[in-house]
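Some notes on the structure that comes next.
This is a predicted model, so every value here is computed, not measured. Both backbone and side-chain heavy atoms feed into the values below; hydrogens, waters and symmetry mates do not. Within every chain, numbering begins at 1; the chains are lettered A, B, ... in the order of the sequence lines, protein sequences first and strands thereafter.
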2 protein chains.
Amino acid sequence: MRSYGEYCSLAKALDVVGDRWTLLIIRELALRGACRYTDLRNGLPGIATNLLAQRLRELEQADIVYREDAPPPVATTLFRLTPRGEELRPALEELTRWGVPLMHEQDPEDAVRSHWLSSAIDLMLTDRRPKRPPVTVELRIGDEPIVIQTVDGRVRTSLGPAPAPADLVLTGAERPVLGLVLGITDLAGAQALGVAYEGDPAVLDRLRVDR
Amino acid sequence: MRSYGEYCSLAKALDVVGDRWTLLIIRELALRGACRYTDLRNGLPGIATNLLAQRLRELEQADIVYREDAPPPVATTLFRLTPRGEELRPALEELTRWGVPLMHEQDPEDAVRSHWLSSAIDLMLTDRRPKRPPVTVELRIGDEPIVIQTVDGRVRTSLGPAPAPADLVLTGAERPVLGLVLGITDLAGAQALGVAYEGDPAVLDRLRVDR
DNA sequence: CAGCATCCGCTTTGATACTG
DNA sequence: CAGTATCAAAGCGGATGCTG
(Lines give C-alpha, C1' and ligand atoms only; values in the text may rest on other atoms or scores of the structure.)
Protein backbone atom coordinates (compact mmCIF):
# COMPACT_ATOMS: atom_id res chain seq x y z
CA MET A 1 0.00 0.00 0.00
CA ARG A 2 1.04 3.48 -0.74
CA SER A 3 1.77 5.26 2.55
CA TYR A 4 -0.58 7.98 3.68
CA GLY A 5 2.49 10.04 4.51
CA GLU A 6 1.05 11.21 7.81
CA TYR A 7 2.90 11.19 11.09
CA CYS A 8 -0.17 9.80 12.83
CA SER A 9 -0.51 6.59 14.73
CA LEU A 10 -3.75 5.55 13.00
CA ALA A 11 -2.39 6.39 9.56
CA LYS A 12 0.77 4.39 10.29
CA ALA A 13 -1.37 1.46 11.42
CA LEU A 14 -3.39 1.64 8.22
CA ASP A 15 -0.18 1.86 6.19
CA VAL A 16 0.45 -1.67 7.49
CA VAL A 17 -2.98 -3.32 7.82
CA GLY A 18 -5.21 -1.04 5.77
CA ASP A 19 -4.93 -2.85 2.45
CA ARG A 20 -7.82 -4.79 1.05
CA TRP A 21 -7.97 -8.34 2.50
CA THR A 22 -5.23 -7.73 5.05
CA LEU A 23 -7.40 -7.55 8.19
CA LEU A 24 -9.42 -10.54 6.99
CA ILE A 25 -6.25 -12.61 6.66
CA ILE A 26 -5.34 -11.61 10.20
CA ARG A 27 -8.87 -12.52 11.29
CA GLU A 28 -8.42 -16.03 9.90
CA LEU A 29 -5.17 -16.50 11.80
CA ALA A 30 -6.63 -14.98 14.97
CA LEU A 31 -9.70 -17.22 14.89
CA ARG A 32 -8.21 -20.43 13.59
CA GLY A 33 -4.63 -20.33 14.84
CA ALA A 34 -1.98 -21.83 12.58
CA CYS A 35 -3.22 -22.12 9.00
CA ARG A 36 -1.97 -23.70 5.84
CA TYR A 37 -2.12 -21.65 2.66
CA THR A 38 -5.09 -23.74 1.59
CA ASP A 39 -6.90 -23.17 4.89
CA LEU A 40 -6.49 -19.44 4.37
CA ARG A 41 -7.90 -19.66 0.87
CA ASN A 42 -10.87 -21.56 2.17
CA GLY A 43 -11.45 -18.97 4.89
CA LEU A 44 -11.13 -16.10 2.41
CA PRO A 45 -13.44 -17.02 -0.45
CA GLY A 46 -12.96 -14.67 -3.37
CA ILE A 47 -9.35 -13.68 -2.72
CA ALA A 48 -7.07 -14.00 -5.72
CA THR A 49 -4.32 -16.45 -4.94
CA ASN A 50 -1.57 -14.07 -6.01
CA LEU A 51 -2.97 -11.41 -3.66
CA LEU A 52 -2.97 -13.85 -0.76
CA ALA A 53 0.66 -14.71 -1.42
CA GLN A 54 1.60 -11.05 -1.72
CA ARG A 55 -0.22 -10.06 1.48
CA LEU A 56 1.38 -12.89 3.42
CA ARG A 57 4.78 -11.68 2.30
CA GLU A 58 3.98 -8.12 3.36
CA LEU A 59 2.62 -9.28 6.71
CA GLU A 60 5.76 -11.30 7.29
CA GLN A 61 7.91 -8.25 6.62
CA ALA A 62 5.77 -6.22 9.00
CA ASP A 63 6.34 -8.82 11.77
CA ILE A 64 2.65 -9.67 11.98
CA VAL A 65 2.79 -13.15 10.50
CA TYR A 66 5.49 -15.76 10.45
CA ARG A 67 5.93 -18.90 8.47
CA GLU A 68 6.71 -22.15 10.19
CA ASP A 69 8.19 -24.96 8.14
CA ALA A 70 6.16 -27.76 9.53
CA PRO A 71 6.83 -30.86 11.62
CA PRO A 72 7.65 -34.09 9.70
CA PRO A 73 4.23 -35.84 9.83
CA VAL A 74 2.40 -33.08 7.94
CA ALA A 75 5.34 -31.44 6.14
CA THR A 76 3.56 -28.29 5.06
CA THR A 77 4.01 -24.59 5.69
CA LEU A 78 2.01 -23.11 8.53
CA PHE A 79 1.24 -19.43 8.95
CA ARG A 80 0.81 -17.95 12.42
CA LEU A 81 0.44 -14.57 14.08
CA THR A 82 3.51 -13.14 15.80
CA PRO A 83 3.09 -11.50 19.24
CA ARG A 84 2.84 -8.18 17.41
CA GLY A 85 0.08 -9.69 15.27
CA GLU A 86 -1.73 -10.94 18.36
CA GLU A 87 -1.79 -7.37 19.62
CA LEU A 88 -4.23 -6.58 16.85
CA ARG A 89 -6.96 -8.64 18.58
CA PRO A 90 -8.51 -5.71 20.48
CA ALA A 91 -8.80 -3.70 17.29
CA LEU A 92 -10.27 -6.67 15.43
CA GLU A 93 -12.76 -7.23 18.23
CA GLU A 94 -13.95 -3.65 18.26
CA LEU A 95 -14.42 -3.61 14.51
CA THR A 96 -16.19 -6.96 14.68
CA ARG A 97 -18.50 -5.64 17.38
CA TRP A 98 -19.24 -2.54 15.34
CA GLY A 99 -20.13 -4.71 12.37
CA VAL A 100 -22.66 -6.89 14.16
CA PRO A 101 -25.67 -4.67 13.30
CA LEU A 102 -24.66 -4.99 9.65
CA MET A 103 -25.31 -8.74 9.85
CA HIS A 104 -28.92 -7.73 9.46
CA GLU A 105 -28.22 -7.81 5.74
CA GLN A 106 -27.47 -11.30 4.54
CA ASP A 107 -26.99 -11.35 0.80
CA PRO A 108 -27.92 -14.80 -0.52
CA GLU A 109 -24.57 -14.75 -2.34
CA ASP A 110 -22.63 -14.23 0.89
CA ALA A 111 -20.24 -16.99 1.85
CA VAL A 112 -20.71 -18.32 5.39
CA ARG A 113 -18.21 -19.91 7.75
CA SER A 114 -19.17 -20.88 11.26
CA HIS A 115 -15.99 -19.56 12.83
CA TRP A 116 -16.81 -16.04 11.60
CA LEU A 117 -20.17 -16.22 13.31
CA SER A 118 -18.93 -17.75 16.53
CA SER A 119 -16.47 -14.92 17.10
CA ALA A 120 -19.26 -12.35 16.89
CA ILE A 121 -21.43 -14.37 19.25
CA ASP A 122 -18.56 -14.58 21.70
CA LEU A 123 -18.31 -10.79 21.78
CA MET A 124 -22.02 -10.13 22.16
CA LEU A 125 -23.18 -12.60 24.80
CA THR A 126 -22.49 -13.03 28.49
CA ASP A 127 -23.68 -15.29 31.30
CA ARG A 128 -26.05 -13.30 33.48
CA ARG A 129 -26.57 -16.14 35.97
CA PRO A 130 -23.05 -17.41 36.57
CA LYS A 131 -23.99 -19.34 39.73
CA ARG A 132 -26.56 -21.56 38.08
CA PRO A 133 -25.57 -24.82 36.42
CA PRO A 134 -23.96 -24.28 33.00
CA VAL A 135 -26.03 -24.38 29.84
CA THR A 136 -25.25 -25.36 26.28
CA VAL A 137 -26.83 -24.11 23.07
CA GLU A 138 -26.06 -25.58 19.68
CA LEU A 139 -26.59 -23.66 16.43
CA ARG A 140 -26.85 -25.64 13.22
CA ILE A 141 -25.76 -22.85 10.88
CA GLY A 142 -22.81 -22.17 8.60
CA ASP A 143 -20.49 -24.96 7.60
CA GLU A 144 -20.31 -26.66 10.99
CA PRO A 145 -22.30 -26.56 14.24
CA ILE A 146 -21.57 -23.79 16.75
CA VAL A 147 -21.69 -24.70 20.43
CA ILE A 148 -22.26 -21.96 22.99
CA GLN A 149 -21.39 -22.86 26.58
CA THR A 150 -21.40 -20.91 29.81
CA VAL A 151 -18.11 -21.24 31.67
CA ASP A 152 -17.08 -19.21 34.73
CA GLY A 153 -19.54 -16.43 34.09
CA ARG A 154 -18.37 -16.06 30.53
CA VAL A 155 -19.68 -17.46 27.29
CA ARG A 156 -17.43 -19.70 25.24
CA THR A 157 -18.15 -20.78 21.71
CA SER A 158 -16.61 -23.71 19.93
CA LEU A 159 -17.09 -25.47 16.64
CA GLY A 160 -18.14 -28.99 15.83
CA PRO A 161 -20.88 -31.13 17.38
CA ALA A 162 -21.68 -30.58 21.04
CA PRO A 163 -19.82 -32.95 23.40
CA ALA A 164 -23.03 -33.53 25.38
CA PRO A 165 -26.68 -33.05 24.36
CA ALA A 166 -27.39 -29.31 24.31
CA ASP A 167 -30.15 -27.63 26.33
CA LEU A 168 -31.28 -25.97 23.12
CA VAL A 169 -30.60 -26.68 19.46
CA LEU A 170 -31.49 -24.09 16.81
CA THR A 171 -31.78 -24.79 13.10
CA GLY A 172 -32.50 -22.43 10.22
CA ALA A 173 -30.98 -19.67 8.14
CA GLU A 174 -28.04 -17.79 9.65
CA ARG A 175 -29.62 -14.37 9.92
CA PRO A 176 -32.78 -15.28 11.87
CA VAL A 177 -30.89 -17.76 14.09
CA LEU A 178 -28.33 -15.07 14.94
CA GLY A 179 -31.12 -12.54 15.41
CA LEU A 180 -32.77 -14.82 17.94
CA VAL A 181 -29.56 -15.65 19.79
CA LEU A 182 -28.50 -11.99 20.01
CA GLY A 183 -31.97 -10.90 21.13
CA ILE A 184 -32.82 -8.82 18.07
CA THR A 185 -35.67 -11.10 17.04
CA ASP A 186 -38.09 -12.86 19.41
CA LEU A 187 -38.93 -16.54 19.20
CA ALA A 188 -42.15 -16.05 17.25
CA GLY A 189 -40.41 -13.79 14.76
CA ALA A 190 -37.58 -16.24 14.27
CA GLN A 191 -40.00 -19.12 13.80
CA ALA A 192 -41.82 -17.10 11.16
CA LEU A 193 -38.48 -16.87 9.35
CA GLY A 194 -38.05 -20.63 9.41
CA VAL A 195 -36.08 -21.16 12.60
CA ALA A 196 -36.82 -24.46 14.36
CA TYR A 197 -35.74 -25.46 17.84
CA GLU A 198 -35.45 -28.43 20.07
CA GLY A 199 -35.11 -27.99 23.83
CA ASP A 200 -35.69 -25.00 26.07
CA PRO A 201 -35.64 -21.59 24.36
CA ALA A 202 -35.67 -19.83 27.73
CA VAL A 203 -31.95 -20.48 28.22
CA LEU A 204 -31.28 -17.73 25.69
CA ASP A 205 -32.50 -15.05 28.11
CA ARG A 206 -29.67 -15.94 30.41
CA LEU A 207 -27.07 -15.16 27.76
CA ARG A 208 -28.23 -11.85 26.41
CA VAL A 209 -26.83 -8.51 27.44
CA ASP A 210 -29.29 -5.76 28.32
CA ARG A 211 -29.43 -2.84 25.94
CA MET B 1 -15.84 -0.69 -2.29
CA ARG B 2 -16.58 -4.00 -3.74
CA SER B 3 -18.14 -6.19 -1.04
CA TYR B 4 -16.13 -9.06 0.33
CA GLY B 5 -19.28 -11.16 0.01
CA GLU B 6 -18.78 -12.76 3.40
CA TYR B 7 -21.46 -13.12 6.02
CA CYS B 8 -19.03 -12.04 8.72
CA SER B 9 -19.28 -9.11 11.03
CA LEU B 10 -15.73 -7.91 10.42
CA ALA B 11 -16.06 -8.27 6.65
CA LYS B 12 -19.35 -6.33 6.73
CA ALA B 13 -17.65 -3.61 8.78
CA LEU B 14 -14.82 -3.41 6.27
CA ASP B 15 -17.34 -3.30 3.42
CA VAL B 16 -18.38 0.03 4.94
CA VAL B 17 -15.20 1.56 6.42
CA GLY B 18 -12.45 -0.49 4.78
CA ASP B 19 -11.87 1.76 1.79
CA ARG B 20 -8.73 3.79 1.51
CA TRP B 21 -9.00 7.13 3.38
CA THR B 22 -12.34 6.26 4.98
CA LEU B 23 -11.13 5.64 8.54
CA LEU B 24 -8.91 8.71 8.35
CA ILE B 25 -11.90 10.87 7.42
CA ILE B 26 -13.73 9.43 10.41
CA ARG B 27 -10.67 10.13 12.55
CA GLU B 28 -10.77 13.79 11.56
CA LEU B 29 -14.42 14.08 12.52
CA ALA B 30 -13.87 12.13 15.75
CA LEU B 31 -10.95 14.30 16.82
CA ARG B 32 -12.07 17.69 15.60
CA GLY B 33 -15.87 17.51 15.79
CA ALA B 34 -17.79 19.33 13.10
CA CYS B 35 -15.63 20.06 10.07
CA ARG B 36 -15.97 22.04 6.91
CA TYR B 37 -14.90 20.45 3.65
CA THR B 38 -11.77 22.58 3.74
CA ASP B 39 -10.96 21.55 7.29
CA LEU B 40 -11.14 17.94 6.20
CA ARG B 41 -8.83 18.58 3.29
CA ASN B 42 -6.36 20.24 5.60
CA GLY B 43 -6.53 17.30 8.02
CA LEU B 44 -6.10 14.79 5.20
CA PRO B 45 -3.10 16.03 3.24
CA GLY B 46 -2.73 14.10 0.01
CA ILE B 47 -6.35 13.11 -0.48
CA ALA B 48 -7.73 13.87 -3.92
CA THR B 49 -10.67 16.23 -3.65
CA ASN B 50 -12.91 13.99 -5.76
CA LEU B 51 -12.16 11.07 -3.45
CA LEU B 52 -13.01 13.12 -0.38
CA ALA B 53 -16.32 14.13 -1.92
CA GLN B 54 -17.09 10.55 -2.93
CA ARG B 55 -16.20 9.14 0.49
CA LEU B 56 -18.32 11.72 2.26
CA ARG B 57 -21.27 10.75 0.08
CA GLU B 58 -20.74 7.06 0.87
CA LEU B 59 -20.38 7.75 4.59
CA GLU B 60 -23.58 9.74 4.53
CA GLN B 61 -25.41 6.85 2.90
CA ALA B 62 -23.98 4.47 5.50
CA ASP B 63 -25.33 6.69 8.31
CA ILE B 64 -21.85 7.42 9.65
CA VAL B 65 -21.64 11.08 8.67
CA TYR B 66 -24.25 13.73 8.20
CA ARG B 67 -24.18 17.10 6.60
CA GLU B 68 -25.46 20.12 8.43
CA ASP B 69 -26.34 23.19 6.42
CA ALA B 70 -24.87 25.75 8.71
CA PRO B 71 -26.22 28.58 10.87
CA PRO B 72 -26.49 32.05 9.21
CA PRO B 73 -23.32 33.70 10.60
CA VAL B 74 -20.98 31.18 8.96
CA ALA B 75 -23.27 29.87 6.20
CA THR B 76 -21.19 26.85 5.24
CA THR B 77 -21.68 23.09 5.22
CA LEU B 78 -20.52 21.18 8.27
CA PHE B 79 -19.84 17.48 8.43
CA ARG B 80 -20.37 15.54 11.65
CA LEU B 81 -20.41 11.98 12.90
CA THR B 82 -23.80 10.40 13.50
CA PRO B 83 -24.34 8.31 16.67
CA ARG B 84 -23.53 5.26 14.57
CA GLY B 85 -20.33 6.97 13.49
CA GLU B 86 -19.45 7.78 17.09
CA GLU B 87 -19.68 4.08 17.85
CA LEU B 88 -16.54 3.61 15.78
CA ARG B 89 -14.47 5.37 18.46
CA PRO B 90 -13.44 2.20 20.32
CA ALA B 91 -12.23 0.60 17.10
CA LEU B 92 -10.36 3.76 16.11
CA GLU B 93 -8.75 3.92 19.54
CA GLU B 94 -7.54 0.33 19.42
CA LEU B 95 -6.06 0.78 15.97
CA THR B 96 -4.46 4.04 17.08
CA ARG B 97 -2.97 2.34 20.12
CA TRP B 98 -1.64 -0.48 17.98
CA GLY B 99 0.00 2.03 15.67
CA VAL B 100 1.90 3.92 18.36
CA PRO B 101 5.05 1.76 18.10
CA LEU B 102 5.10 2.58 14.39
CA MET B 103 5.59 6.24 15.22
CA HIS B 104 9.18 5.23 15.75
CA GLU B 105 9.55 5.80 12.02
CA GLN B 106 9.11 9.43 11.09
CA ASP B 107 9.66 9.98 7.41
CA PRO B 108 10.88 13.56 6.87
CA GLU B 109 8.17 13.83 4.20
CA ASP B 110 5.41 12.92 6.67
CA ALA B 111 2.80 15.57 7.29
CA VAL B 112 2.25 16.43 10.95
CA ARG B 113 -0.84 17.73 12.72
CA SER B 114 -0.90 18.24 16.45
CA HIS B 115 -4.37 16.77 16.89
CA TRP B 116 -3.18 13.44 15.48
CA LEU B 117 -0.42 13.33 18.06
CA SER B 118 -2.53 14.46 20.99
CA SER B 119 -5.00 11.62 20.49
CA ALA B 120 -2.23 9.04 20.71
CA ILE B 121 -0.81 10.70 23.82
CA ASP B 122 -4.26 10.64 25.38
CA LEU B 123 -4.46 6.88 24.92
CA MET B 124 -0.98 6.10 26.22
CA LEU B 125 -0.65 8.20 29.38
CA THR B 126 -2.35 8.17 32.76
CA ASP B 127 -2.02 10.02 36.06
CA ARG B 128 -0.31 7.73 38.53
CA ARG B 129 -0.56 10.20 41.43
CA PRO B 130 -4.14 11.45 41.17
CA LYS B 131 -4.16 12.94 44.68
CA ARG B 132 -1.27 15.31 44.14
CA PRO B 133 -1.80 18.77 42.68
CA PRO B 134 -2.39 18.71 38.92
CA VAL B 135 0.48 19.18 36.49
CA THR B 136 0.69 20.62 33.01
CA VAL B 137 3.12 19.77 30.24
CA GLU B 138 3.31 21.67 26.99
CA LEU B 139 4.75 20.18 23.80
CA ARG B 140 5.85 22.54 21.05
CA ILE B 141 5.51 20.11 18.17
CA GLY B 142 3.31 19.79 15.10
CA ASP B 143 1.32 22.72 13.86
CA GLU B 144 0.19 23.99 17.26
CA PRO B 145 1.19 23.42 20.89
CA ILE B 146 -0.17 20.36 22.71
CA VAL B 147 -1.08 20.78 26.36
CA ILE B 148 -1.20 17.73 28.62
CA GLN B 149 -3.04 18.18 31.90
CA THR B 150 -3.89 15.82 34.75
CA VAL B 151 -7.57 15.97 35.62
CA ASP B 152 -9.38 13.59 37.98
CA GLY B 153 -6.80 10.87 37.70
CA ARG B 154 -6.91 10.98 33.94
CA VAL B 155 -4.79 12.77 31.42
CA ARG B 156 -6.42 15.29 29.11
CA THR B 157 -4.77 16.80 26.09
CA SER B 158 -5.81 19.97 24.36
CA LEU B 159 -4.45 22.14 21.59
CA GLY B 160 -3.30 25.71 21.57
CA PRO B 161 -1.14 27.57 24.06
CA ALA B 162 -1.38 26.55 27.71
CA PRO B 163 -3.86 28.64 29.75
CA ALA B 164 -1.33 28.88 32.60
CA PRO B 165 2.46 28.47 32.60
CA ALA B 166 3.24 24.75 32.25
CA ASP B 167 5.35 22.77 34.71
CA LEU B 168 7.35 21.51 31.77
CA VAL B 169 7.71 22.70 28.18
CA LEU B 170 9.34 20.46 25.58
CA THR B 171 10.63 21.63 22.20
CA GLY B 172 12.15 19.64 19.35
CA ALA B 173 11.33 17.21 16.60
CA GLU B 174 8.13 15.20 16.96
CA ARG B 175 9.63 11.75 17.23
CA PRO B 176 12.11 12.35 20.08
CA VAL B 177 9.64 14.55 21.98
CA LEU B 178 6.99 11.82 21.73
CA GLY B 179 9.58 9.20 22.63
CA LEU B 180 10.42 11.10 25.79
CA VAL B 181 6.82 11.74 26.77
CA LEU B 182 5.80 8.11 26.21
CA GLY B 183 8.84 6.82 28.09
CA ILE B 184 10.54 5.13 25.15
CA THR B 185 13.53 7.47 25.27
CA ASP B 186 15.15 8.87 28.43
CA LEU B 187 15.95 12.53 28.93
CA ALA B 188 19.60 12.24 27.91
CA GLY B 189 18.66 10.36 24.75
CA ALA B 190 16.02 12.90 23.84
CA GLN B 191 18.44 15.78 24.41
CA ALA B 192 20.95 14.06 22.17
CA LEU B 193 18.25 14.14 19.48
CA GLY B 194 17.75 17.85 19.90
CA VAL B 195 14.97 18.02 22.46
CA ALA B 196 15.13 21.06 24.76
CA TYR B 197 13.10 21.60 27.90
CA GLU B 198 12.16 24.26 30.34
CA GLY B 199 10.79 23.36 33.74
CA ASP B 200 10.78 20.10 35.67
CA PRO B 201 11.27 16.95 33.58
CA ALA B 202 10.41 14.75 36.58
CA VAL B 203 6.68 15.41 36.09
CA LEU B 204 6.80 13.03 33.14
CA ASP B 205 7.34 10.02 35.44
CA ARG B 206 3.97 10.66 36.96
CA LEU B 207 2.21 10.27 33.60
CA ARG B 208 3.78 7.16 32.21
CA VAL B 209 2.21 3.74 32.37
CA ASP B 210 4.35 0.83 33.54
CA ARG B 211 5.13 -1.75 30.93
C1' DC C 1 -1.85 -31.37 -4.20
C1' DA C 2 0.21 -27.10 -1.81
C1' DG C 3 2.14 -22.80 -2.84
C1' DC C 4 2.86 -19.81 -5.52
C1' DA C 5 3.99 -16.52 -10.37
C1' DT C 6 2.28 -14.43 -14.73
C1' DC C 7 -0.82 -12.24 -17.69
C1' DC C 8 -4.71 -9.33 -18.77
C1' DG C 9 -8.96 -6.58 -18.42
C1' DC C 10 -11.35 -3.80 -15.18
C1' DT C 11 -11.90 -0.78 -11.15
C1' DT C 12 -10.07 2.39 -7.93
C1' DT C 13 -7.07 6.00 -6.88
C1' DG C 14 -4.13 10.23 -7.68
C1' DA C 15 -3.12 14.66 -9.79
C1' DT C 16 -4.66 18.56 -11.76
C1' DA C 17 -7.80 21.71 -13.87
C1' DC C 18 -12.02 23.87 -13.71
C1' DT C 19 -16.88 25.73 -11.84
C1' DG C 20 -21.28 27.69 -9.30
C1' DC D 1 -15.96 27.24 -0.18
C1' DA D 2 -17.38 23.02 -1.87
C1' DG D 3 -17.19 20.60 -4.90
C1' DT D 4 -17.21 18.28 -10.47
C1' DA D 5 -14.53 16.68 -14.66
C1' DT D 6 -10.85 14.44 -16.81
C1' DC D 7 -7.23 11.28 -17.53
C1' DA D 8 -3.10 8.56 -16.30
C1' DA D 9 -1.30 5.24 -13.03
C1' DA D 10 -1.77 1.82 -9.67
C1' DG D 11 -4.23 -1.93 -7.63
C1' DC D 12 -7.32 -5.77 -7.86
C1' DG D 13 -9.96 -10.01 -9.72
C1' DG D 14 -10.02 -13.95 -12.42
C1' DA D 15 -7.91 -17.35 -15.21
C1' DT D 16 -4.20 -20.14 -16.09
C1' DG D 17 0.32 -22.26 -15.72
C1' DC D 18 4.41 -23.67 -13.26
C1' DT D 19 7.18 -26.22 -9.64
C1' DG D 20 8.47 -29.38 -5.76
Check your understanding: Between dG3(C) and Thr38(A), is there an OP1 or OP2 to side-chain N/O distance shorter than 4.0 Å?
Key -> yes

Exercise for review: Tell me what Ala48(A) touches on the nucleic acid: a base, only sugar-phosphate, or nothing, going by heavy atoms under 4.0 Å.
Suggested key: base

Check your understanding: Between dG3(D), dT13(C), dG13(D), which one does the side chain of Trp21(A) approach most closely?
Key -> dG13(D)

Review point. Whole-Å distance between dT13(C) P and Arg20(B) CZ?
Key: 8 Å

Point to revise | side chain to side chain contact (heavy atoms under 4.5 Å, CB included) partner of Thr150(A), chosen from Val203(A), Thr136(A), Asp167(A), Asp127(A) | key: Asp127(A)

Check your understanding: Is Asn50(B) side chain donor-acceptor paired with the dT13(C) base, going by distance under 3.5 Å alone?
Key -> no

Point to revise | Cationic N near anionic O, under 4.0 Å, Glu60(B) to Arg67(B) | key: yes

Study note, to complete from the structure: Separation of dT13(C) atom C1' from Arg55(B) atom CZ, nearest Å, is 8 Å

Practice item. Round to a whole Å and report the spacing from CG of Asp69(B) to P of dC1(D). Key: 16 Å

Review point. Which nucleotide, dG14(C), dG3(D), dC4(C), lies nearest any side-chain atom of Leu51(B)?
Key: dG14(C)

Practice item. From the options dG14(D), dC12(D), dT6(D), select the nucleotide whose nearest atom is closest to the side chain of Arg2(B). Key: dG14(D)

Point to revise | Glu198(B), CD atom: more than 12 neighbouring heavy atoms under 6.0 Å | key: no

Practice item. Please tell me which of Leu56(A) and Asp19(B) maps to the more 5' nucleotide of DNA chain C, matching each residue to the nucleotide holding its nearest heavy atom. Key: Leu56(A)

Exercise for review: Check every strand shown and say whether Thr49(B) touches a base, only sugar-phosphate, or nothing at a heavy-atom separation below 4.0 Å.
Suggested key: base

Check your understanding: Is the closest side-chain donor-acceptor distance between Glu144(A) and His115(A) under 3.5 Å?
Key -> no

